[in-house]
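Everything numeric in this text was worked out from a predicted model, so none of it was measured. Within every chain, numbering begins at 1; the chains are lettered A, B, ... in the order of the sequence lines, protein sequences first and strands thereafter.
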Amino acid sequence: MENTIYDVLKSRDLIKQITFEDEFKQLAKEEKFSLYLGIDPTADSIHIGHFIPLMMMSYFQKCGHKPIILIGGGTALIGDPSGKTDMRKMLTQKDIENNVESIKKQVSRFISFEGENAAIIVNNADWILKQNYIEFISKIGVHFNVNRMLSAECFKQRMENGLTFFEMNYMLMQSYDFLHLFENENCRVEIGGDDQWSNMLAGVDLIRKLHKSGSFCLTCPLLLNSEGKKMGKTVNGALWLSKEKTSVYDFYQYWRNIEDSEVYNVLRMLTFLPMDEVNRLSNLDGSKINEAKKIVAYEITKLIHGEEEALIAKNTSEELFENSNISDTMPTVIVDKEDLNILDLLIKCDITSSKSQGKVLINQGGILIDDNKITDINYNIDISKKEVILKKGKKVFIKIIIK
RNA sequence: GGGAAGAUGUCCGAGUGGCUAAAGGAGGCAGACUGUAAAUCUGUUAGCUUACGCUUACGAUGGUUCGAAUCCAUCUCUUCCCA
């Protein structure tokens with residue numbers, strides 16, 4: 001590949017901030033190195049927020065560099081003392097192993113764990129937990145200037161509602177991770193979301209203090225919608241990458257429904273489509289941009305769930321929305337004969353969480369069965385039917401199979 | 001260690017004895033208009049009930065009162081100031 005990783009990332013505008021830019025450009029030209037990305041293993045699945053750094057990592061790997069995924073098992077073992085809500089769940093060794101396995105599975109669609117520059121997964125528990133406190137603060141802590149730390153943007157916000165010592169230590173631990181990988185794995189670069197900039201910068205500085213040079217970090221832009229909020233949040237929380245948590249169909253629909261203004265960013269940051277194509281698609285006018293959204297949805301779904309699943313989701317959506325046909329693969333709920341009352345049914349299908357809510361929906365004309373608007377809140381589904389199509393609003397379709 | 005302020009629905013935030021299931025805003029959902037977009041307008045947004053109404057709910061637990069988000073006591077937590 002004649003383009004260096006720097007050129008590639010630059011062309012997709014995936015670099016938000018970078019340290020020692022010129023030096024990094026040179027390094028990218030001359031050497032193959034390792035780079036790392038830290039992931040908090042508090043859940044057994046990663047969500048879309050992790051995705052852009054992983055895309056970045058994938059580009060690095062394509063350019064011949066070796067990705068290291070760092071699982072924050074050590075830091076997760078420490079309870080969060082800020083006590084805002086509950087104590088952070090303590091993770092057992094076993095939890096972490098499970099999480100690592102599923103994360104690996106999800107990531108392996110676009111990052112390879114085989115071959116010459118295979119990615120590896122490490123757990124910072126392996127070195128953090130061995131640390132002796134006094135040794136740690138005298139070896140690492142002396143290099144951190146509290147005044148400077150406090151002036152960092154990420155602490156400024158915390159200053160307003162209280163900052164705990166733990167949170168300050170977090171920076172040291174993260175920096176130490178980088179140092180450890182630098183010394184043991186030839187890891188030269190840390191990547192991450194832009195909210196991690198201060199922490200990452202601290203690691204780069206630490207290494208440069210101890211080893212004079214060679215460390216870099218770069219951040220990717222956060223994926224924001226037009227209102228400046230993080231994308232990938234749904235009613236039910238995050239948009240997960242595992243299909244047990246977010247179904248492939250829902251995942252596809254999320255991207256199919258993005259705003260016009262988001263198409264460009266999503267294509268550029270979340271797909272591997274060539275930039276020519278990205279530009280062409282995002283400049284489509286008016287309703288034609290729907291074509292671009294279909295491609296966005298398909299490409300991202302393919303990347304996460306594989307081609308087969310993506311095709312199914314795409315076909316299901318087209319059947320439902322464009323041909324108003326019933327699709328075999330649409331979301332389906334099986335109910336007993338006892339649940340044929342419309343209000344019960346809505347709860348059963350997770351469309352509403354209470355009967356009151358269901359009544360409101362029906363009164364507003366938001367519920368359709370087999371394309372007939374339901375107006376009676378006592379409506380019962382015809383018992384002779386084997387299956388019906390329940391529609392909420394314009395976008396939610398569920399096939400009901402009556403047992 | 002001393003002092004001050006505060007905790008309200010998904011979130012922000014008004015409310016200082018009955019008119020409060022709790023103003024207003026944001027967000028969510030539905031309807032109209034559209035392109036499975038945005039913007040705009042309308043409705044709706046604790047649970048149960050066809051409904052009258054009932055049951056929960058303003059940090060927790062007790063108390064005062066015919067009646068408490070509102071007053072009192074204790075506790076928990078948060079923030080700020082002084083040391």
Undergrad: Does this structure show an ion pair linking Lys105(A) with Glu101(A), if we count only N-O contacts that are shorter than 4.0 Å?
TA: no
Undergrad: Rounded off to whole Å, could you give me the CD1-to-P distance for the Ile377(A) and A30(B) pair?
TA: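 So the two atoms are 19 Å apart, to the nearest Å.
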Undergrad: Can you figure out which of C29(B), A37(B), G47(B) approaches the side chain of Asn257(A) most closely?
TA: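 Of C29(B), A37(B), G47(B), A37(B) is nearest to the side chain of Asn257(A).
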Undergrad: With a 3.5 Å limit on both atom pairs, tell me what C29(B) is paired to, counting Watson-Crick and G-U wobble, or say none.
TA: G43(B)
Undergrad: Expressed in whole Å, how much space separates the P atoms belonging to C71(B) and U42(B)?
TA: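 That atom pair is separated by 37 Å.
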Undergrad: Separation of Leu361(A) atom CG from C29(B) atom P, in whole Å?
TA: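 My rounded result for the distance is 11 Å.
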Undergrad: Could you work out which one of A51(B), C33(B), G35(B) sits closest to the side chain of Lys394(A)?
TA: C33(B)
Undergrad: With hydrogens left out and only the distance checked, is there a donor-acceptor pair under 3.5 Å joining Asn363(A)'s side chain and the base of G43(B)?
TA: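 Check fails, no donor-acceptor contact within cut-off.
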Undergrad: Please classify the nucleic acid contact of Ile289(A) as base, sugar-phosphate, or nothing, using heavy-atom distances under 4.0 Å.
TA: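 Since a base atom lies under 4.0 Å of Ile289(A), the category is base.
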Undergrad: Quick one: on RNA chain B, does Ile347(A) or Phe321(A) contact a more 5' nucleotide (nearest heavy atom)?
TA: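 This one resolves to Phe321(A).
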Undergrad: Taking the minimum atom-to-atom distance to the side chain of Glu259(A), which one of C29(B), U50(B), A37(B) wins?
TA: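 Of the options given, the side chain of Glu259(A) lies nearest A37(B).
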Undergrad: Which base, if any, makes a Watson-Crick or G-U wobble pair with G1(B), both distances under 3.5 Å?
TA: C82(B)
Undergrad: Counting neighbours of CD on Glu114(A) that are heavy atoms of other residues, nucleotides or ligands and sit closer than 6.0 Å, is the number greater than 12?
TA: no
Undergrad: Give Gln253(A) one of three labels, base, sugar-phosphate or nothing, depending on what nucleic acid heavy atoms sit under 4.0 Å from its own.
TA: base
Undergrad: With both distances under 3.5 Å as the test, what is the Watson-Crick or G-U wobble partner of G59(B)?
TA: C75(B)
Undergrad: Counting only side-chain heavy atoms from C-beta out, which of G35(B), G47(B), U36(B) sits nearest to Arg256(A)?
TA: U36(B)
Undergrad: Is there a Watson-Crick or G-U wobble partner for U50(B) with both distances under 3.5 Å, and if so, which one is it?
TA: none
Undergrad: Send over the distance from Gln357(A) CD to A30(B) C1', rounded to a whole Å.
TA: 11 Å
Undergrad: In terms of side-chain geometry, is the basic nitrogen of Glu97(A) or Lys94(A) positioned less than 4.0 Å from the acidic oxygen of its partner?
TA: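 Salt bridge flag = no for Lys94(A) with Glu97(A).
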Undergrad: In whole Å, what separates the C1' atom of G31(B) from that of G24(B)?
TA: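 About 24 Å, rounded to a whole number of Å.
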Undergrad: If we call it a pair only when both distances are under 3.5 Å in a Watson-Crick or G-U wobble match, what pairs with G17(B)?
TA: none
Undergrad: Pick the P atom in A26(B) and in G43(B), then give their distance to the nearest Å.
TA: 14 Å
Undergrad: Touch check for Lys373(A), heavy atoms < 4.0 angstrom, all strands: base, sugar-phosphate only, or nothing?
TA: nothing
Undergrad: CG of Leu346(A) versus C1' of C48(B): gap in Å, rounded?
TA: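 Atom CG in Leu346(A) sits about 16 Å away from atom C1' in C48(B).
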Undergrad: OH of Tyr379(A) versus C1' of U50(B): gap in Å, rounded?
TA: 19 Å
Undergrad: Side chains of Ser287(A) and Asn290(A): any donor to acceptor distance under 3.5 Å?
TA: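 The criterion, which ignores hydrogens and geometry beyond distance, is not satisfied for Ser287(A) and Asn290(A).
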Undergrad: When you compare U8(B) with C82(B), how far apart are their C1' atoms, in angstrom units rounded to a whole number?
TA: 31 Å
Undergrad: Considering only atom C1', compute the distance from G47(B) to C12(B) and round it to an integer number of Å.
TA: 24 Å
Undergrad: U44(B) P sits how many Å from Ile367(A) CD1, rounded?
TA: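 Distance check: Ile367(A) CD1 to U44(B) P gives 18 Å.
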Undergrad: Is it true that Asp260(A) and Lys293(A) have a side-chain N and a carboxylate O under 4.0 angstrom from each other?
TA: yes
Undergrad: Who does G35(B) pair with, Watson-Crick or G-U, both distances under 3.5 Å?
TA: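 Here G35(B) is not engaged in any pair, so there is no nucleotide opposite it.
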Undergrad: Please report whether the ring centroid of Phe110(A) lies less than 6.0 Å from that of Phe51(A).
TA: yes
Undergrad: Give the nucleotide from the list U44(B), U36(B), C48(B) with an atom nearest to the side chain of Ser354(A).
TA: C48(B)
Undergrad: Check the phosphate of A37(B) against Lys395(A), side-chain N and O only, distance under 4.0 Å to OP1 or OP2. Yes or no?
TA: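 Yes, Lys395(A) has a side-chain N/O under 4.0 Å of OP1/OP2 on A37(B).
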Undergrad: Give a yes or no on whether a donor-acceptor pair under 3.5 Å exists between the nucleobase atoms of G43(B), that is its base, and the side chain of Gln364(A).
TA: yes
Undergrad: Considering only atom C1', compute the distance from A38(B) to A46(B) and round it to an integer number of Å.
TA: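 The same atom, C1', in both gives a distance of 32 Å.
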Undergrad: Ser356(A) side chain: which of C48(B), U44(B), U36(B) is closest?
TA: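 Closest nucleotide among those given: C48(B).
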Undergrad: Without decimals, in angstroms, what is the distance between Lys288(A) NZ and A38(B) P?
TA: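 So the NZ-P distance, Lys288(A) to A38(B), works out to 21 Å.
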Undergrad: Using atom C1' of each nucleotide, how far apart are A69(B) and A21(B) to the nearest Å?
TA: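 It works out to 12 Å between them.
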Undergrad: With respect to the phosphate group of C29(B), does any side-chain polar atom (N or O) of Thr352(A) fall under 4.0 Å of OP1 or OP2?
TA: no
Undergrad: Starting the side chain at C-beta, find the nucleotide from U36(B), C48(B), C33(B) nearest to Lys355(A).
TA: C48(B)
Undergrad: Is it the case that more than 12 heavy atoms not belonging to Lys209(A) sit under 6.0 Å from its NZ atom?
TA: yes
Undergrad: Using whole Å, what does the distance between atom P of nucleotide U34(B) and atom CG of Asp285(A) come to?
TA: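 Computing the Asp285(A):CG to U34(B):P distance gives 20 Å.
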Undergrad: Please tell me which of Val360(A) and Lys392(A) maps to the more 5' nucleotide of RNA chain B, matching each residue to the nucleotide holding its nearest heavy atom.
TA: Lys392(A)
Undergrad: With rounding to whole Å, what would you report as the distance between U70(B) and G25(B) at their P atoms?
TA: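 Straight-line distance between the two P atoms is 26 Å.
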Undergrad: Would you say that more than 12 heavy atoms from the other residues, nucleotides or ligands in this model lie under 6.0 Å from the CG of Asn323(A), or not?
TA: yes
Undergrad: From the list G35(B), U36(B), U44(B), which nucleotide is the closest neighbour of the side chain of Lys293(A)?
TA: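 The closest nucleotide is G35(B).
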